[in-house]
Peer 1: 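The structure is given below, and queries will be raised subsequently.
In each ligand, atom 1 is the first atom listed, and ligand 1 is the first ligand listed. All residue numbers refer to positions in the sequence shown, counting from 1.
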Amino acid sequence: MKRTHHCNELRPEHLGQTVSLTGWVHSRRDLGGVIFIDIRDREGRTQTVYDPSDLPRETFDQAAALRSECVVRVTGKVRVRPAGTINPKIPTGEIEVAVSGLEVLNQAEVLPFPVDDPEVAGKVNEELRLKYRYLDLRRPEMGRNLRVRSKVATATRMYMDEQGFLEVETPTLFKSTPEGAREFLVPSRINPGQFYALPQSPQQFKQILMVAGVERYFQIARCYRDEDLRADRQPEFTQVDIEMSFIDREDIYQLIEGLLKRVWKTALDQDVPTPFRRISFQEALNRYGIDKPDTRFGLELADFTEEFRESAFRVFNSTVANGGVVKAINAKGLACATQGQMDTMTETAKNFGAKGLAFIKVEGGEWKSPIVKFFSAAEKAALTSKLGIEEGDLVLFAADQWLNACEILGKIRLYCAEILKAQGKLNIPANRFDFLWVVDFPLLSFDKEQNRWYSSHHPFTAPVADDIGFLKTDPKHVRGQHYDIVVNGVELGGGSIRIHQPELQKTVFEEVLQIPPEETQLRFGYMLEAFKYGAPPHGGIALGFDRMIAILCGTPSIRDVIAFPKTAKGTCLMTDSPSAVSPRQLRDLHIDLKVPKKETPPAN
Ligand code: ASP
């Protein structure tokens, strides 16, 4: 008998029906001679019962011998579970199937880790899970993640289609344009000595598609960056990549707000209020010390530069005299921070080049701090009123150049929030999502070591029209038409209105970024040429698809929402890649390895 229902389908209304289920042996219990086996398929699980008095001996013995994760087909009658044995935790918990026929479709050896334990992720080391990824993906928690991913991809495609977008695939064998992240190179066999590069994003192709008159493009695109992997990065990842012609920033905000509304409704059945708040880069730094602020809690930075300009405390007054700022946060109720926690915060400040971390602990009605003796009554009054200082508080200071001072306290703010959360003093509901747009980024940032300007976003981002005149005279103050979408302190994506005038683009490359003209020609010549033939004004954005799914699934790691992710060393433990190749393959590709044999990547 073919499968009649999936394992999440049967309810009391199916009472008495003869059904057939297929799936894996999820868990079993032997109770007083009767065997209970939960059969699991993609959709859920159902309890099946093997009673020796109703079954041929042979079938019962077969059931008794079933190991976890064997593949079976069972036939039997649906019945309602006796009172007291109902399992309210699963949708099929009111019924069971009294088995009359059992077919073993395949055996399973003893597994390297159990699939039926929801806590596996916490107990089994991740390398083992990655090596046996097909077993890890059988776990219902991981299956759910894949499903959310698929549903969100479909919702995205439908929404973008409704909005008039064309899905266009762009090449993954691209040209090397060394800039920003390191690229993966692919040797060309038929063009000896030449290489393709895997794209870091479809940026240039999508802009070319605008020149091609596509007007509205999107792609759920695979991108590649050969970076040293940080905790939550992958060498290949997925973006929802978008580009539009004849639009301004407001059009992008509206489009993305609509998309995220749709996605959150689809995945979580949540109504996301729109429009999203907007905050300038400057304000984000001033208030939260970071350009992707988590606004679900306060703990905001306050500025005391003016108050301490004439202070008797030399560290503060000299910083201000040197053009720096004095900022502070009040970690409410954290005077109880341990020495270890204080050391961690001090270390954070030192990592930014600060000499130490000034603080005040308010305990026993007293301000305990090595520095308060330098503070005047007026300075203390200013601190109390701006920070609302009370018994039990911990005040932390940063005195430095503006960006550094903000970033130090931004990091410390997040760290304090973690401690307060652990202590139960800060409660953030799991289903709260604070979306916001961060806007008005500086177009350029200065690289002290190389003594030159580089693009804060990428070199195709248009300056704010009013600021174009300052590109050569005052680059620091030129704002870019760049925007980031942030949720709960995570950068979900970013994009910009682009430069579409070839002369302005050439000026940015050559005069602002100081890329030599020959190099500009080599790397971007085709783009500059394309722009000469009627490039429409355009702009776009890319959303980190993996990160978005991780947020929707409530998991901290994007590896949990990618079917086959790489390790932090960029390896795939299941297939053992990367791996050495044969001398013949190397010869075909005109490659002569300089790596001594034993140092070629081990086959693991
Ligand atoms: N290509 C950019 C990125 O990958 C996004 C964009 O500007 O559309 O970050």
Side-chain angles (χ1 to χ4, degrees), residues 156 160 163 165-172 174-175 177-184 197-211 214-227 230 232-245 247-249 251-256 259-260 281 291-292 437-445 454-464 479-487 490-500 505 508 513 523-524 527 535-548 558:
T156 300
M160 296 307 284
Q163 300 293 321
F165 283 77
L166 301 190
E167 183 168 12
V168 183
E169 288 156 278
T170 54
T172 50
F174 182 40
K175 172 189 167 74
T177 57
E179 171 196 1
R182 212 173 285 136
E183 301 167 315
F184 287 98
L198 303 183
Q200 301 175 24
S201 90
Q203 184 64 36
Q204 298 181 34
F205 285 108
K206 68 176 173 176
Q207 291 194 239
I208 294 286
L209 284 173
M210 295 304 106
V211 184
V214 168
E215 293 199 24
R216 293 184 164 221
Y217 143 94
F218 89 102
Q219 181 179 196
I220 300 187
R222 192 62 61 82
C223 307
Y224 306 85
R225 293 186 193 167
D226 186 13
E227 289 169 303
R230 277 188 266 142
D232 207 25
R233 292 280 172 95
Q234 283 285 309
E236 54 180 311
F237 58 95
T238 305
Q239 285 186 346
V240 181
D241 195 45
I242 294 170
E243 197 75 11
M244 299 162 85
S245 295
I247 49 119
D248 58 25
R249 284 179 276 184
D251 297 291
I252 297 276
Y253 301 156
Q254 250 186 37
L255 175 83
I256 297 301
L259 173 62
L260 293 174
F281 168 81
D291 60 3
K292 43 176 183 191
W437 289 107
V438 182
V439 298
D440 285 343
F441 283 82
L443 183 74
L444 301 156
S445 307
Y454 64 94
S455 306
S456 308
H457 181 45
H458 53 52
F460 312 112
T461 297
V464 167
R479 289 163 298 166
Q481 294 200 49
H482 166 59
Y483 30 77
D484 273 355
I485 176 79
V486 172
V487 61
V490 177
E491 184 194 321
L492 205 54
S496 59
I497 300 299
R498 326 296 185 188
I499 299 170
H500 67 281
Q505 184 67 77
V508 167
L513 302 175
R523 282 161 58 181
F524 306 112
M527 253 184 125
H538 61 284
I541 190 164
L543 303 180
F545 190 66
D546 309 295
R547 204 165 290 167
M548 179 161 80
I558 61 168

Peer 1: In terms of ring plane angle, is the pair Tyr253 and Trp437 parallel, tilted or perpendicular, where the classes change at 30° and 60°?
Peer 2: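 Tilted: the ring planes of Tyr253 and Trp437 meet at 30° to 60°.
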Peer 1: Applying side chain to side chain contact (heavy atoms under 4.5 Å, CB included), can you list everything that pairs with Gln254, at least two apart in sequence or on another chain?
Peer 2: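 Once residues adjacent in sequence are excluded, Gln254 has no partner under the side chain to side chain contact (heavy atoms under 4.5 Å, CB included) criterion.
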Peer 1: Which protein residues come within less than 4.0 angstrom of ligand 1, counting heavy atoms only?
Peer 2: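 The answer is Ser201, Gln203, Lys206, Arg225, Gln239, His457, His458, Gly494, Gly495, Arg498, Gly540, Ile541, Ala542, counting any residue whose heavy atom sits under 4.0 Å from ligand 1.
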Peer 1: Quick one: sort the Phe441 and Phe281 rings into parallel, tilted or perpendicular, breaks at 30° and 60°.
Peer 2: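 Phe441 vs Phe281 ring planes: tilted.
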Peer 1: Are Phe460 and Phe524 near enough that their ring centres are under 6.0 Å apart?
Peer 2: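 Yes, they do, as the ring centres are separated by less than 6.0 Å.
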Peer 1: With heavy-atom distances below 4.5 Å as the criterion, would you say the side chains of Phe237 and Arg547 are in contact?
Peer 2: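 They are not in contact (no side-chain heavy atoms under 4.5 Å apart), so the answer is no.
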Peer 1: Checking side chain to side chain contact (heavy atoms under 4.5 Å, CB included) for the pair Thr170/Gln219: CA distance, chi angles, key distance, verdict?
Peer 2: CA-CA 8 Å; Thr170 54; Gln219 181 179 196; 2.9 Å; yes
